[in-house]
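Worksheet: one structure, shown below.
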Amino acid sequence: MKLITVRDIMTPADEIAMISPYATVRELINMMDTRSVRSVIVERTSDNDAYGIVTYSNILEAIYSNDGDMDLLNVYDIASKPMVQIVPDLDIRYAAQLMINQKIKHLSVTWEGRLTGVISMTDIARVLMEEARADM
């Protein structure tokens with residue numbers, strides 16, 4: 001198996017859906033619908049802050065527990081934060097192992113404190129399926 005790094009398959013930062021932690025959940029849902037994404041990265045409020053992530057699961061849990069009021073909740077109320085971070089040159093096998101061990105589906109890819117991309121379990125699975133087809 002050829003060494004494939006996180007950098008090879010990650011979604012680069014300029015293509016990532018990002019939202020302010022101060023946006024409402026309604027704004028978040030509209031963004032997810034407009035961009036056709038299932039997760040959104042939550043911006044940092046300062047250089048010392050961590051990135052977060054919001055997925056459909058976070059939204060459904062928050063709406064259910066708050067009687068469906070999307071306008072009273074902000075993104076920071078429901079985000080999973082901090083995101084687990086990895087470096088771009090990490091072998092995807094280690095990224096996959098980290099996701100399995102931590103029971104998470106997304107990792108932020110950072111370099112020198114800045115977000116350079118995001119990698120998901122789906123990204124890694126897609127590569128593994130391509131390799132399996134190539135070996136047939």
Side-chain angles (χ1 to χ4, degrees):
M1 180 168 135
K2 177 185 153 238
L3 174 69
I4 300 172
T5 66
V6 167
R7 181 188 321 274
D8 296 329
I9 65 171
M10 71 180 188
T11 301
D14 60 351
E15 295 176 22
I16 297 171
M18 294 186 75
I19 195 163
S20 164
Y22 306 112
T24 65
V25 171
R26 183 178 303 278
E27 292 169 322
L28 170 68
I29 292 170
N30 287 336
M31 172 194 260
M32 291 174 89
D33 183 47
T34 301
R35 297 209 40 191
S36 299
V37 294
R38 296 181 306 205
S39 61
V40 176
I41 303 303
V42 181
E43 298 167 352
R44 301 186 305 175
T45 57
S46 71
D47 287 342
N48 298 323
D49 195 10
Y51 292 100
I53 188 167
V54 181
T55 65
Y56 284 153
S57 297
N58 298 105
I59 294 169
L60 293 174
E61 184 179 316
I63 290 172
Y64 175 74
S65 64
N66 288 288
D67 296 326
D69 199 337
M70 294 181 274
D71 297 311
L72 293 179
L73 289 172
N74 289 329
V75 170
Y76 66 78
D77 293 320
I78 69 169
S80 297
K81 191 173 176 177
M83 280 188 80
V84 176
Q85 300 177 36
I86 57 172
V87 295
D89 294 325
L90 187 69
D91 185 319
I92 64 167
R93 291 176 294 181
Y94 294 119
Q97 188 64 49
L98 181 59
M99 289 180 194
I100 292 165
N101 291 344
Q102 297 295 314
K103 296 178 175 51
I104 56 177
K105 296 179 182 174
H106 299 85
L107 297 167
S108 62
V109 183
T110 58
W111 186 252
E112 297 180 349
R114 296 284 175 218
L115 184 71
T116 60
V118 170
I119 188 168
S120 71
M121 189 66 79
T122 303
D123 297 329
I124 294 171
R126 188 176 301 120
V127 169
L128 296 176
M129 286 187 274
E130 288 171 9
E131 283 187 353
R133 276 193 292 267
D135 290 342
M136 295 175 111

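We're numbering straight along the sequence, starting at 1.
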Heavy-atom pair of closest approach, residues [X] and [Y]:
| X | Y | answer |
| --- | --- | --- |
| Met18 | Glu43 | CE-CG, 3.8 Å |
| Val37 | Tyr56 | O-OH, 3.5 Å |
| Ser39 | His106 | OG-NE2, 3.4 Å |
| Ala79 | Asn58 | C-ND2, 4.5 Å |
| Ala95 | Val6 | CB-CG2, 4.0 Å |
| Met99 | Leu107 | CE-CD1, 3.6 Å |

Taking Leu28 as the fixed residue, which of Val42, Leu73, Val40 is the one that meets the side-chain contact (heavy atoms from CB on, under 4.5 Å) rule? Val40
The single option from Ile16, Thr11, Ile19 passing side-chain contact (heavy atoms from CB on, under 4.5 Å) against Ile41: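 The residue from Ile16, Thr11, Ile19 that satisfies side-chain contact (heavy atoms from CB on, under 4.5 Å) with Ile41 turns out to be Ile16.
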Connected via hydrophobic side-chain network under 4.5 Å: [X] and [Y]:
| X | Y | value |
| --- | --- | --- |
| Tyr94 | Ile9 | yes |
| Tyr22 | Ile78 | no |
| Val75 | Met70 | yes |

Among all residues two or more places apart in sequence or in another chain, which pass the side-chain contact (heavy atoms from CB on, under 4.5 Å) test with Asp14?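 In terms of side-chain contact (heavy atoms from CB on, under 4.5 Å), with neighbours along the sequence ignored, Asp14 is linked to Pro12.
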Say you draw a straight line from [atom1] of [X] to [atom2] of [Y]; how long is it, rounded to the nearest 0.5 Å?
| X | Y | atom1 | atom2 | result |
| --- | --- | --- | --- | --- |
| Ile92 | Asp8 | CD1 | CG | 8.5 Å |
| Leu90 | Gln85 | CG | CD | 13.0 Å |
| Glu27 | Thr34 | CD | OG1 | 11.5 Å |
| Glu15 | Met10 | CD | CE | 9.5 Å |
| Met31 | Arg26 | CE | CZ | 16.0 Å |

Any pair counted as salt bridge (Lys or Arg N to Asp or Glu O under 4.0 Å), so long as it reaches residues 72-89, sequence neighbours left out: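 Of all non-adjacent pairs touching residues 72-89, those that pass salt bridge (Lys or Arg N to Asp or Glu O under 4.0 Å) are Arg7-Asp89, Asp49-Lys81.
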[X] (side chain) donor-acceptor with [Y] (main chain) under 3.5 angstrom:
| X | Y | answer |
| --- | --- | --- |
| Ser108 | Ile86 | no |
| Asp91 | Arg93 | yes |
| Thr116 | Val109 | yes |

Arg38 CZ: over 12 foreign heavy atoms closer than 6.0 Å: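 No, because the 6.0 Å sphere around CZ of Arg38 holds 12 heavy atoms or fewer from other groups.
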Salt-bridge test for Lys105 and Asp123: reply yes if a basic N is under 4.0 Å from a carboxylate O, no otherwise. no
